[in-house]
Amino acid sequence: MMNKKILLALLAAGVFTVAGCQNIPTTQNDSAPQGQSRSTEKVFSGIVPCADCSGIETTLKLAKDGTYILGQTYLEAKSEENTFFETGHWVTNGKKIVLNNQDGKKSYYLINGENLDMLDVNGEPIQSSFNYELDKVTPKKLAGEYSYFADSALFTECDTGRRYDASENIDLERGYSAMGVEGGTPVYVEVEGYYTLRPSMEDGLFDNAVIQTGKIRFDKTSSCHIKK
């Protein structure tokens, strides 16, 4: 079941509804956002309002197989447990994306160009002056330190210090190997890519992950503290 705190917060914003309360057909059609075909995963992110914190950092991954992962982190929350994940299936209904989660509940997003606007429990616009928009995530240059050891790959972002699972990025692994450093040694790298969510090796858990999509530049003479 969904954590009580996140459920109450989203109910206050009018985001979730119980499955079956809405007689809206959920068909898979060609109304996906511009450039958002179901042939590849699409990721959206943003910070939406929060009743008792500074905002909810939200990441939504729509996978090509019709499943989704929704990750939400309560920024500056009083509780130590401030990150939650939800999974389920997504479909399109006209200009709306409908999420059906693992507990049988639905939430709605409106296609807004290449972005998504969070909707209320009835699939209608939230009446608020606050921003409920999630931006489409596109590849960009990411700077960080990469390490690989015993099939474990890790990318640490320079600006934030956040760590991302970097497995399944064979070009990063090969570039790191070419540096000739001892396994596990962090090496500065600039890579074209984006951040997403993926299931963890531990059952029921999820990881923040980096996906490499373009050029890679390793530099073992530099670091996050001495960027070139």
Side-chain angles (χ1 to χ4, degrees), residues 1-17 32-33 35-36 41-63 66-92 95-103 105-140 142 157 159-160 162-165 193-200 204-211:
M1 295 298 291
M2 183 178 294
N3 180 280
K4 183 177 181 181
K5 178 177 178 181
I6 187 172
L7 178 59
L8 292 175
L10 293 177
L11 282 175
V15 175
F16 285 94
T17 184
Q36 305 291 315
E41 75 171 29
K42 299 302 176 184
V43 184
F44 304 86
S45 70
I47 298 177
V48 299
C50 173
D52 58 356
C53 66
S54 61
I56 305 174
E57 189 175 71
T58 302
T59 300
L60 173 62
K61 182 181 99 170
L62 303 178
T67 62
Y68 75 87
I69 301 175
L70 177 66
Q72 295 175 307
T73 298
Y74 283 72
L75 304 176
E76 300 180 9
K78 295 179 181 179
S79 172
E80 293 183 2
E81 185 180 11
N82 64 345
T83 298
F84 306 92
F85 294 95
E86 172 188 308
T87 60
H89 290 81
W90 69 277
V91 294
T92 56
K95 288 293 186 180
K96 295 177 182 177
I97 300 292
V98 183
L99 307 184
N100 298 272
N101 78 6
Q102 68 273 27
D103 293 326
K105 297 179 180 178
K106 295 181 182 180
S107 57
Y108 304 88
Y109 291 83
L110 178 68
I111 299 168
N112 180 6
E114 293 191 328
N115 301 333
L116 296 179
D117 292 333
M118 185 181 292
L119 300 176
D120 68 12
V121 295
N122 299 311
E124 299 296 333
I126 296 173
Q127 300 302 315
S128 171
S129 60
F130 294 107
N131 183 16
Y132 285 88
E133 185 173 10
L134 300 183
D135 296 327
K136 176 189 174 185
V137 172
T138 57
K140 63 181 180 179
L142 308 173
E157 187 178 46
D159 289 342
T160 65
R162 290 185 177 182
R163 295 183 176 185
Y164 296 86
D165 174 35
Y194 66 94
Y195 299 125
T196 186
L197 299 171
R198 66 160 58 115
S200 171
L205 299 180
F206 300 87
D207 290 325
N208 292 303
V210 62
I211 301 296

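Values below: all heavy atoms of this structure, side chains included; hydrogens, waters and symmetry mates excluded.
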For the side chain to side chain contact (heavy atoms under 4.5 Å, CB included) test, which of Leu60, Thr59, Leu62 pairs with Leu70?
-> Leu60
Any donor-acceptor N or O pair under 3.5 Å, side chains Thr73, Thr83 | yes
Decide yes or no on side chain to side chain contact (heavy atoms under 4.5 Å, CB included) for Phe130 and Val48, but give the supporting numbers first.
-> CA-CA 8 Å; Phe130 294 107; Val48 299; over 6 Å; no
First locate atom CD1 of Ile47, then atom CD of Glu57, and finally report the distance between them rounded to the nearest 0.5 Å.
-> 5.5 Å
To the nearest 0.5 Å, tell me how far Ile69 CD1 sits from Thr196 OG1.
-> 7.0 Å
Please test Glu133 against Asn112 for side chain to side chain contact (heavy atoms under 4.5 Å, CB included), starting from the C-alpha separation and ending with a verdict.
-> CA-CA 9 Å; Glu133 185 173 10; Asn112 180 6; 3.6 Å; yes
Any donor-acceptor N/O pair, Asn101 side chain to Gly88 backbone, under 3.5 Å = no
One should read off an interatomic distance between Thr87 OG1 and Gln102 CD, to the nearest 0.5 angstrom, of 4.0 Å
Rounded to the nearest 0.5 Å, what separation is found between the NZ atom of Lys96 and the CG atom of Leu116?
-> 13.5 Å
Scanning both residues in full, the closest heavy-atom pair of Cys50 with Tyr74 reads SG-CD2, 3.6 Å
Donor-acceptor contact below 3.5 Å, side chain Lys61 vs main chain Leu197 | yes
Verify side chain to side chain contact (heavy atoms under 4.5 Å, CB included) between Val210 and Leu142, making sure each step is shown before the conclusion.
-> CA-CA 9 Å; Val210 62; Leu142 308 173; 3.7 Å; yes
Counting distance only, does the side-chain N/O of Asn122 pair as donor-acceptor with the main-chain N or O of Glu124 below 3.5 Å?
-> no
Closest approach of Tyr108 to Val121 (non-hydrogen atoms, all atoms of both residues) = CE1-O, 3.7 Å
Flag, side chain of Ser54 to backbone of Leu75, donor-acceptor distance under 3.5 Å | yes
For Ile56 and Pro49, work out which heavy atoms get closest and say how close.
-> CD1-O, 3.7 Å
Which pair of heavy atoms, one from Glu41 and one from Tyr194, lies closest together, and at what distance?
-> OE2-OH, 2.8 Å
Nearest non-hydrogen partners of Phe85 and Gly71, listed with the distance = CD2-CA, 3.7 Å
Going from CE on Met118 to OH on Tyr109, what distance comes out if it is rounded to the nearest 0.5 angstrom?
-> 3.5 Å
Any sub-3.5 Å donor-acceptor pair from Trp90's side-chain atoms to Ala63's backbone N or O?
-> yes
Please list, chain by chain and in numerical order, all residues satisfying salt bridge (Lys or Arg N to Asp or Glu O under 4.0 Å) with Arg163, sequence neighbours excluded.
-> none
In terms of ring plane angle, is the pair Tyr195 and Tyr164 parallel, tilted or perpendicular, where the classes change at 30° and 60°?
-> parallel
Indicate whether the side chain of Glu86 and that of Tyr68 have a donor and an acceptor atom separated by less than 3.5 Å.
-> yes
How many angstroms lie between CG in Asp207 and CZ in Arg198, if you round to the nearest 0.5 Å?
-> 7.5 Å
Is there a donor-acceptor contact under 3.5 Å from the side chain of Ser128 to the main chain of Ile126?
-> no
Mind checking salt bridge (Lys or Arg N to Asp or Glu O under 4.0 Å) for Glu157 and listing every partner two or more places apart, or none if nothing turns up?
-> none
Does Gly123 offer a backbone N or O that forms a donor-acceptor pair with the side chain of Asp120 under 3.5 Å?
-> yes
